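For ligands, and for the atoms within them, numbers begin at 1 and follow the listed sequence. Here the structure is a predicted model, which means the values were calculated and not measured.
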Amino acid sequence: MDQRKGGAYPDEATRQRAGRHAEGLAGRPWERRAPALRRMFEEISGDYDRLNSRLSLGLDRRWRAGLARALEPLPPGPVLDLASGTGALVSPLVQRLQRPVVRLDLSAALLRRAEERLAPGSPAIVGEMDRLPFRDDSFAAVAQGFALRHSRGCDALFRELHRVVKPGGRVALLDMRLPLGGGIEAVYRLYFRRVLPRLASFLGGDRAAYEMMVASVAALPTEAVLMAALRDAGFVETESRPGILGSVRLLVARRPG
Ligand SMILES: C[S@@+](CC[C@H](N)C(=O)[O-])C[C@H]1O[C@@H](n2cnc3c(N)ncnc32)[C@H](O)[C@@H]1O
């Protein structure tokens with residue numbers, strides 16, 4: 001049994017999965033990270049949406065709807081759903097913004113799986129969020145749910161978003177955040193680090209994947225660094241809106257023009 005910090009793994013298979021998933025963490029060369037991320041998300045996607053909805057007590061739906069609202073008002077044009085996966089953000093975007101949504105993800109399998117639940121009309125493109133295969137000024141907005149932590153680096157990512165968003169367009173990126181403060185945030189932090197992966201496993205999820213999630217969230221740059229990177233990339237009206245107990249954060253910004 002593995003006795004690494006944070007607790008023993010219940011079995012050898014979980015320990016091996018944890019080792020494979022860890023290859024997707026920041027700091028590893030991208031040639032190893034990309035296939036590890038793709039494999040992990042393809043393995044867990046069957047349970048991912050159901051489990052996240054239960055673990056967030058259904059709040060994830062409200063957060064996604066809030067993200068779509070935060071993109072208004074917009075210039076004409078389509079919206080890009082960056083790291084779209086099984087497409088959980090697509091319907092909130094289409095319903096609120098009433099315009100086409102283009103989906104991009106590292107995994108072709110996940111983009112195909114999304115089509116089982118989406119209405120036709122949201123084209124899919126396999127690609128990397130940090131190297132977008134789009135011309136300058138292609139989108140009215142870029143939206144992203146729960147994938148900022150998988151970027152190669154926020155400075156380059158935000159410059160790339162500024163390039164593909166039209167003048168006057170907006171970006172909104174929602175991700176988990178490691179709660180920092182004292183009091184109730186400290187209790188939540190303990191829950192997030194120690195309890196969540198075990199609870200996810202108890203509910204039928206992949207404990208190793210949730211441990212990887214906690215580690216990748218912990219490695220995200222601080223609020224101050226993210227906000228400075230957005231401004232340095234050329235965005236204005238930058239905002240970081242915290243969600244419940246500091247567990248999530250919505251970054252919002254506008255390209256001037
Ligand atoms: C946690 S899921 C989020 C899915 C969806 N956006 C949502 O709100 O539920 C993360 C997604 O990011 C994708 N992904 C991870 N790294 C990526 C990258 N560098 N470029 C594009 N997609 C990436 C994964 O394939 C996965 O589908």
Would you say [X]'s side chain and [Y]'s backbone share a donor-acceptor pair under 3.5 angstrom?
X    : Y    : value
R33  : G24  : yes
D175 : R149 : yes
E160 : L132 : yes
R99  : G77  : yes

(Q) Parallel, tilted or perpendicular: which one describes the rings of F134 and F139, with boundaries at 30° and 60°? (A) perpendicular

Distance-only donor-acceptor hits, side chain of residues 199-206, under 3.5 Å, sequence neighbours excluded:
residue	atom	partner	partner atom	Å
D206	OD1	R17	NE	3.1
D206	OD1	A208	N	2.9
D206	OD1	A209	N	3.2
D206	OD2	R17	NE	3.1
D206	OD2	H21	NE2	3.0

Q. Mind checking what residues have non-hydrogen atoms under 4.0 angstrom from ligand 1?
A. W30, L37, F41, Y48, R64, A83, S84, G85, A88, D105, L106, L110, G127, E128, M129, G145, F146, A147, H150

